[in-house]
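Working notes, beginning with the structure itself.
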Amino acid sequence: MPATATDPHTSRTRSWWGWGYVDAHPDDAECVATGALLPGTLARPLPVPRIADLPIGRPAATPPAALAHLVTADPRARAAHAMGKAYRDVARALRGRPGRIPDLVARPARDQDVTDLLDWAGGHGVAVIPFGGGSSVVGGVEYRGDAHRAVLSLDLTAMDRVLEIDTASRSARIQAGALGPALEAQLRPHGLTLRHFPQSFEFSTLGGWLATRAGGHYATGHTHIDDFVQSLRVITPAGTGTSWRLPASGAGPSPDRFFLGSEGTLGVITQAWMRLRERPRHKASASVAFTDFARALEAVRTIAQSDLSPANCRLLDPGEALLSGASHDGSAVLVLGFESATAPVGGRLAAAVDLARAHGGRGAAADRDAPQDAAVGAWRSAFLRMPYLRDGLARMGAVVETFETAATWDRIPALIDAVRTEVGAAAARATGHPATVNCRLTHVYPDGAAPYFTVAVAGRPGDEVEIWDDIKAAANDVLHRHRATITHHHAVGRDHRPGYDRQRPDPFALALRAAKDALDPHGVLNPGVLLD
């Protein structure tokens with residue numbers, strides 16, 4: 001399904017410029033009400049941008065007749081494939097400055113189509129930007145620069161089928177263009193699930209998850225898409241390769257790991273064998289409130305280092321808890337959830353709540369499968385609604401930046417304090433307005449955690465992108481100084497390149513460059529992502 005079309009599963013229309021569905025966008029009144037939370041925002045929201053106002057010229061390249069049926073130059077399709085869904089992208093769309101719009105959009109239906117399109121592009125100096133659901137928030141699906149005569153957006157969403165299910169091995173061969181809901185709908189009749197539910201689940205594809213090493217909703221255990229991969233099929237300008245299906249292998253560097261996270265710079269992932277699991281039948285959840293955030297961190301570390309393996313273990317600081325409606329008294333809130341396909345989970349939930357209470361938490365223990373409590377429900381609703389509210393704030397002239405990272409437990413408290421202090425100060429300097437900086441832990445491990453930060457501040461009309469860039473630079477500096485990763489699950493793209501260049505070892509950068517030159521000799525695949 002192209003990012004501009006009506007979703008065949010819901011009959012709802014996707015937004016070309018903002019997050020999600022058009023009918024879920026905040027109206028003007030909701031934009032004003034949300035903007036009132038930040039002093040200094042506009043009195044009236046910016047108008048919803050129109051494709052007719054964009055500088056969409058004639059395509060700079062024409063495909064051969066044999067490929068014409070795969071390619072369109074329709075202005076709406078081109079506009080919808082010009083950017084991802086980062087705040088930076090939304091702000092540019094609102095100001096009518098989307099950057100370079102692709103000349104053409106291609107929708108291959110089979111592997112051979114991808115091969116043929118890459119062959120044509122390589123021979124004619126056409127940059128190819130692989131595109132799934134278009135939900136990138138790091139500049140991963142746009143073209144920047146002028147080194148190529150034309151730009152082709154390669155939309156894989158026509159390749160969206162579960163091709164084969166191996167029930168004995170509990171795995172499935174799936175085309176990379178399958179959006180989350182379509183993928184799960186095809187697995188559901190078999191009682192199976194991939195169990196990968198990022199916030200962008202409705203609007204992202206299997207291939208996008210693989211190419212960006214996406215993290216899912218679940219807080220512990222198998223949460224990154226890496227853990228579910230059994231085999232990959234990748235088409236590169238130098239040829240096509242499919243790795244063997246194996247439960248595990250020690251045979252040298254992994255070919256699957258080589259392409260996971262490559263973000264379309266080394267090849268186009270078209271199929272994958274993915275490990276599945278039975279759909280859960282037992283679920284339980286609860287929330288625990290804390291008046292001391294430092295003790296809450298200790299509680300989460302204790303739970304992560306236990307053998308309880310919660311599916312959800314998200315710690316919301318007081319600001320995040322207030323924003324989501326999980327707490328209204330200044331408390332931090334820990335959201336806990338457990339699930340299983342085979343056995344009740346109430347006992348594990350009770351044990352986790354007891355560990356949290358031992359560190360000063362306030363919450364009722366449970367000894368059986370428990371219904372979702374009010375705080376958990378409020379958080380879940382806010383979690384799904386938040387990207388829409390961000391776009392509403394953008395229409396009010398606010399600057400909203402979200403970024404995530406991961407670090408070992410010994411560095412987590414200082415890292416969170418530094419981000420709150422330094423990034424908040426940088427936002428205030430750039431705008432002259434006080435900034436809100438909230439934090440939540442999204443994923444936890446025995447040896448560390450992944451903090452996720454939200455920065456919101458009133459901007460200066462017309463300068464929103466420049467302010468966002470300043471905030472991003474300040475955040476990158478703090479993360480680097482604390483040896484925290486530039487990204488835990490949002491990928492590198494173009495926006496995280498400065499931090500990624502500093503994080504990766506120099507010999508690895510040399511090897512990556514050599515691989516790029518070997519697999520993409522004409523340099524047409526997603527130029528500027530991961531390396532120049």
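Since we're looking at a predicted model, the values are computed, not measured.
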Report task. Take the angle between the ring planes of His81 and Phe131 and call it parallel below 30°, perpendicular above 60°, tilted in between. Result -> tilted

**Report entry** Any side-chain donor near an acceptor of the partner, Arg245 and Ser231, under 3.5 Å
**Finding:** no

**Report entry** All pairs passing salt bridge (Lys or Arg N to Asp or Glu O under 4.0 Å) where residues 314-330 contributes a residue, at least two apart
**Finding:** Asp317-Arg420, Glu320-Arg440, Asp329-Arg362

Report task. Determine, step by step, whether Thr193 and Glu184 satisfy the side-chain hydrogen bond (donor to acceptor under 3.5 Å, both in side chains) criterion, reporting the C-alpha distance in whole Å, the side-chain angles of both residues, the deciding distance to 0.1 Å, and the verdict. Result -> CA-CA 6 Å; Thr193 177; Glu184 286 293 332; 3.0 Å; yes

Report task. Could you tell me whether a side-chain N or O of Arg195 sits under 3.5 Å from a main-chain N or O of Glu278, the two making a donor and an acceptor? Result -> no

Report task. Would you check if Ser331 and Phe290 make a side-chain contact, meaning some heavy-atom pair closer than 4.5 Å? Result -> no

Requested in this report: For Ser381, check side-chain contact (heavy atoms from CB on, under 4.5 Å) against everything at least two apart and list the hits.
Outcome: none

Query - Separation of Gln230 CD from Ser169 OG (nearest 0.5 Å) - result: 6.5 Å

Query raised in the report: Does a donor on one side chain and an acceptor on the other come within less than 3.5 Å for Asp447 and Thr408?
Result: no

Query raised in the report: Judged by atom type as modelled, is there a donor-acceptor pair below 3.5 Å linking the side chain of Thr41 to the main-chain atoms of Gly35?
Result: yes

Query - Under 3.5 Å: donor-acceptor pair, side chain of Glu164, backbone of Ala172 - result: no

Query - Donor-acceptor pair, side chain of Thr265 and main chain of Ser262, under 3.5 angstrom - result: yes

Requested in this report: Let me see the working for Val141 and Met83 under side-chain contact (heavy atoms from CB on, under 4.5 Å), right down to the final yes or no.
Outcome: CA-CA 6 Å; Val141 294; Met83 300 177 296; over 6 Å; no

Query raised in the report: Can we say Asp477 and Arg502 salt-bridge, meaning some charged N sits less than 4.0 Å from an Asp/Glu carboxylate O?
Result: yes

Query raised in the report: Hey, are the side chains of Leu415 and Leu479 touching, using non-hydrogen atoms and a 4.5 Å cut-off?
Result: yes

Requested in this report: Could you tell me whether Glu339 and Arg277 have a side-chain N and a carboxylate O separated by less than 4.0 Å?
Outcome: no

Report summary line: Closest non-hydrogen atoms of Asn438 and Gly319, given as atom of the first, atom of the second and distance, are OD1-CA, 3.4 Å

Query raised in the report: What pair of heavy atoms forms the shortest contact from Ala178 to Leu183, and how long is it?
Result: CB-CB, 4.2 Å

Requested in this report: List the steps, then state whether side-chain contact (heavy atoms from CB on, under 4.5 Å) holds for Ser200 with Trp19.
Outcome: CA-CA 9 Å; Ser200 63; Trp19 185 263; 3.6 Å; yes

Query raised in the report: Can you name the closest pair of heavy atoms from Ile174 and Met274 and give their distance?
Result: CD1-CG, 4.2 Å

Requested in this report: Would you kindly say whether Thr487 and Glu404 are connected by a side-chain donor-acceptor distance under 3.5 Å?
Outcome: yes

Query - Pair Asp391 + Lys85: basic N to acidic O under 4.0 Å - result: no

Query raised in the report: Taking all non-hydrogen atoms of both residues, which atom of Gly424 and which atom of Val437 are closest, and how far apart?
Result: CA-CG2, 3.7 Å

Query raised in the report: Can you find a heavy atom in the side chain of Ile486 that is under 4.5 Å from one in the side chain of Thr405?
Result: no

**Report entry** Heavy-atom pair of closest approach, residues Val333 and Ala321
**Finding:** CG2-CB, 3.9 Å

Query raised in the report: Does a side-chain heavy-atom distance below 4.5 Å link Val234 with Thr270?
Result: no

Query raised in the report: Short question: side chain of Ser340, backbone of Ala343 - any donor-acceptor pair under 3.5 Å?
Result: yes

Requested in this report: With rounding to the nearest 0.5 Å, note down the distance linking CG in Asn312 to OG in Ser285.
Outcome: 8.5 Å

Query raised in the report: Looking at Ser15 and His25, what are the two nearest heavy atoms and their distance?
Result: OG-CE1, 3.2 Å

Query raised in the report: Residues two or more places apart in sequence or in another chain: which of them pass side-chain contact (heavy atoms from CB on, under 4.5 Å) with Asp23?
Result: Arg12, Tyr21

Requested in this report: Please assess Thr223 against His489 for the test side-chain contact (heavy atoms from CB on, under 4.5 Å), listing each intermediate value before the final yes or no.
Outcome: CA-CA 10 Å; Thr223 184; His489 57 267; over 6 Å; no

Requested in this report: With sequence neighbours excluded, give me every salt bridge (Lys or Arg N to Asp or Glu O under 4.0 Å) pair touching residues 487-496.
Outcome: Arg144-Asp495

Query raised in the report: Is the closest side-chain donor-acceptor distance between Thr485 and Gln503 under 3.5 Å?
Result: yes

**Report entry** Side chain Arg275, main chain Arg170, donor-acceptor under 3.5 Å
**Finding:** no

Query raised in the report: With distance as the sole criterion, is a donor-acceptor pair present between the side chains of Trp209 and Ser204 under 3.5 Å?
Result: yes

**Report entry** Verdict with supporting geometry, Ile303 and Val444, side-chain contact (heavy atoms from CB on, under 4.5 Å)
**Finding:** CA-CA 9 Å; Ile303 293 170; Val444 294; over 6 Å; no

Report task. Could you check if a side-chain atom of Val457 sits within less than 4.5 angstrom of a side-chain atom of Thr436, using non-hydrogen atoms only? Result -> no

Query raised in the report: Distance from Met386 atom CE to Thr454 atom OG1, nearest 0.5 Å?
Result: 7.0 Å

Requested in this report: Apply side-chain contact (heavy atoms from CB on, under 4.5 Å) to Ala450 and list each qualifying residue two or more places apart in sequence or on a separate chain.
Outcome: Ala406, Thr442, His443, His488

Query raised in the report: Got a donor-acceptor contact below 3.5 angstrom from the Asp256 side chain to the Leu232 backbone?
Result: yes

**Report entry** Arg213 CZ to Phe259 CZ distance, which is reported to the nearest 0.5 Å
**Finding:** 14.5 Å

Query raised in the report: With a 3.5 Å cut-off and no angle check, do the side chains of Gln271 and Arg173 form a donor-acceptor pair?
Result: yes

Query raised in the report: So do Leu334 and Leu336 actually touch side chain to side chain, heavy atoms under 4.5 Å?
Result: yes

Query raised in the report: For the rings on Trp409 and Tyr445, is their centre-to-centre separation under 6.0 Å?
Result: no

Query raised in the report: When you measure from the centre of the six-membered ring of Tyr87, is the NZ or CZ of Arg390 under 6.0 Å away and within 45° of the axis?
Result: no

Query - Ring centroid separation His490 to Tyr452 under 6.0 Å - result: yes

Report task. Look at the side chain of Arg395 and the backbone N and O of Pro45, then say whether any donor-acceptor pair between them is shorter than 3.5 Å. Result -> no

Requested in this report: Check for a donor-acceptor pair, side chain of Gln199 on one end and backbone N or O of Leu384 on the other, with a separation under 3.5 Å.
Outcome: no

Query raised in the report: In Å, rounded to the nearest 0.5 Å, how long is the span from CD1 of Ile269 to CG of Leu210?
Result: 5.0 Å

Query raised in the report: In Å and rounded to the nearest 0.5 Å, what is the CG to CG distance from Leu179 to Asp160?
Result: 7.5 Å

**Report entry** Side chains of Thr302 and His359 in contact at under 4.5 Å (non-hydrogen atoms)
**Finding:** yes

Query raised in the report: Please, which pairs that meet salt bridge (Lys or Arg N to Asp or Glu O under 4.0 Å) have at least one residue in residues 29-39, sequence neighbours excluded?
Result: Glu30-Arg385

Query raised in the report: Would Glu298 and Arg301 pass as an ion pair if we require N to O under 4.0 Å?
Result: yes

Query raised in the report: Do the side chains of Ile165 and Leu192 get nearer than 4.5 Å, heavy atoms only?
Result: yes

Report task. Please confirm whether the backbone N or O of Gly208 pairs with a side-chain atom of Thr205, one donor and one acceptor, at under 3.5 Å? Result -> yes

